A.B. asks: 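Got a structure for you, written out below as structure tokens; questions coming shortly.
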Amino acid sequence: MKIIEAPAGWPADEATARAVQDELRGKVVLDEAGPTPGNGVVTGVDVAYDDERDVVVAAAVVLDARSLDVVEKTTAVGRISFPYVPGLLAFREIPTVLAALESLNTDPGLVVCDGYGLAHPRRFGLASHLGVLTGLPVIGVAKNPFTFTYEQPGERRGSTAALVADDSHGRETVGRALRTQDGVKPVFVSVGHRVTLDAACAHTLHLSPRYRLPETTRHADALCRQALKDISRTLEDPSRKGPRIQ
DNA sequence: GCGACAG
DNA sequence: ATCTTGTCGC
């Protein structure tokens with residue numbers, strides 16, 4: 001089992017990481033509509049951590065965009081490459097997420113990740129960072145609010161409300177709170193790279209026919225969590241081979 | 001200085 | 001993110 005390490009030159013402190021974001025922000029492409037919802041494939045990525053063993057597991061799950069059936073899934077194991085700092089999440093998980101995406105045999109199509117893209121203090125969250133590094137269209141679907149204000153969207157599925165940032169970059173709409181099911185807490189959608197906000201919301205809704213979270217993140221979440229359990233067990237007892245039940 | 005803050 | 005039992009509801 002190969003363990004992904006942070007590449008040479010990976011930021012080691014917060015100031016350097018922020019400088020990297022300021023540098024790469026200019027490479028984000030915002031004038032492309034992106035893939036059409038319901039066509040081709042869409043890939044969900046997510047990670048699970050074992051801080052005790054300094055390990056992060058990333059999962060990438062490719063779904064048929066029409067049927068939402070799983071087409072392919074992969075995982076990658078890495079060393080945690082940065083501490084958790086709000087606004088610098090990408091530096092913690094990107095090396096391992098990239099490894100998982102690169103090990104796919106299928107073209108990922110649109111990538112859906114947990115967290116934010118433009119809705120970020122420097123307008124360069126995980127979804128944008130992943131997009132710039134891979135060149136793929138990426139959107140961010142977060143479960144919790146971050147640094148912006150918003151009104152509560154209507155109670156029905158499909159209702160939205162603007163996420164408004166008011167900071168050093170000015171006052172602007174950076175995403176949308178989107179109700180994916182009647183009466184449930186909204187998810188927070190933002191553009192990552194090469195996708196429009198309208199398209200990002202349309203994809204999110206299409207990917208959430210039954211539950212609050214998109215099927216992409218549900219699959220990716222379940223996969224990386226299971227993989228982390230298996231790997232953590234192996235690391236603590238190398239004599240044991242395959243995964244054990246429970 | 002204080003509070004808030006994706007995963 | 002992760003730690004964790006029961007519990008309310010369809």
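Bear in mind the structure is a predicted one, so any value in this text is a computation, not a measurement. Keep in mind that the numbers below use all heavy atoms, side chains included, and drop hydrogens, waters and symmetry copies. Below, read A as the first sequence line, B as the second, and so on, with proteins coming before strands; counting in each chain starts at 1.
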A.B. asks: How long is the line joining CG of Leu163(A) and P of dA4(B), in whole Å?
C.D. replies: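 One finds 20 Å between P of dA4(B) and CG of Leu163(A), rounded.
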
A.B. asks: Check whether any side-chain N or O of Tyr84(A) sits under 4.0 Å from OP1 or OP2 of dA6(B), and answer yes or no.
C.D. replies: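 Tyr84(A) to dA6(B) OP1/OP2: side-chain N or O found under 4.0 Å.
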
A.B. asks: How long is the line joining CG of Asp221(A) and P of dA6(B), in whole Å?
C.D. replies: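 In whole Å, dA6(B) P and Asp221(A) CG are 17 Å from each other.
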
A.B. asks: By the 4.0 Å heavy-atom rule, please label Ala48(A) as base, sugar-phosphate, or nothing.
C.D. replies: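 Contact class for Ala48(A): sugar-phosphate only.
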
A.B. asks: From CZ of Arg92(A) over to P of dA1(C), roughly how many Å is that when rounded to an integer?
C.D. replies: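 So the CZ-P distance, Arg92(A) to dA1(C), works out to 12 Å.
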
A.B. asks: Measure from the ring centre of Phe146(A) to the centre of the six-membered ring in the base of dA6(B), then say whether that distance is under 5.5 Å and the planes meet at under 30°.
C.D. replies: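 So yes, this residue stacks on that base, both cut-offs being met.
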
A.B. asks: How would you label the contact of Pro145(A) with the nucleic acid (heavy atoms, under 4.0 Å): base, sugar-phosphate, or nothing?
C.D. replies: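 Answer is sugar-phosphate: Pro145(A) comes under 4.0 Å of backbone atoms only.
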
A.B. asks: Starting at atom CG of Leu126(A), determine the distance to atom P of dA6(B), rounded to an integer number of angstrom.
C.D. replies: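 It works out to 13 Å between those atoms.
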
A.B. asks: Give a yes-or-no answer on whether the side chains of Asp13(A) and Thr16(A) include a donor-acceptor pair shorter than 3.5 Å.
C.D. replies: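 There is such a pair between these side chains.
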
A.B. asks: Check Val138(A) against Gly131(A) and note the closest heavy-atom contact, atom names and distance.
C.D. replies: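 Of all heavy-atom pairs spanning Val138(A) and Gly131(A), the closest is CG2-CA, 3.6 Å.
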
A.B. asks: Would you say the ring centroid of Phe124(A) lies under 6.0 angstrom from that of Tyr116(A)?
C.D. replies: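 For Phe124(A) and Tyr116(A), the ring centres are not under 6.0 Å apart.
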
A.B. asks: Rounded to whole angstroms, how far apart are CG on Asp114(A) and C1' on dG7(B)?
C.D. replies: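 Those two atoms, CG and C1', are 7 Å apart.
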
A.B. asks: Scan Gly140(A) against the nucleic acid and name what it touches under 4.0 Å (heavy atoms): base, sugar-phosphate only, or nothing.
C.D. replies: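 No contact.
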
A.B. asks: Please report, rounded to the nearest Å, how far the C1' atom of dA6(B) is from the OH atom of Tyr150(A).
C.D. replies: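 It is 13 Å, rounded to the nearest whole Å.
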
A.B. asks: dA4(B) P sits how many Å from Asn144(A) CG, rounded?
C.D. replies: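 Distance check: Asn144(A) CG to dA4(B) P gives 15 Å.
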
A.B. asks: Is the charged tip of Arg176(A) near the ring of Phe188(A): under 6.0 Å from the six-membered ring centre and within 45° of its axis?
C.D. replies: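 No cation-pi geometry.
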
A.B. asks: Rounding to a whole Å, what distance do you find between Gln21(A):CD and dC5(B):C1'?
C.D. replies: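 Those two atoms, CD and C1', are 14 Å apart.
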
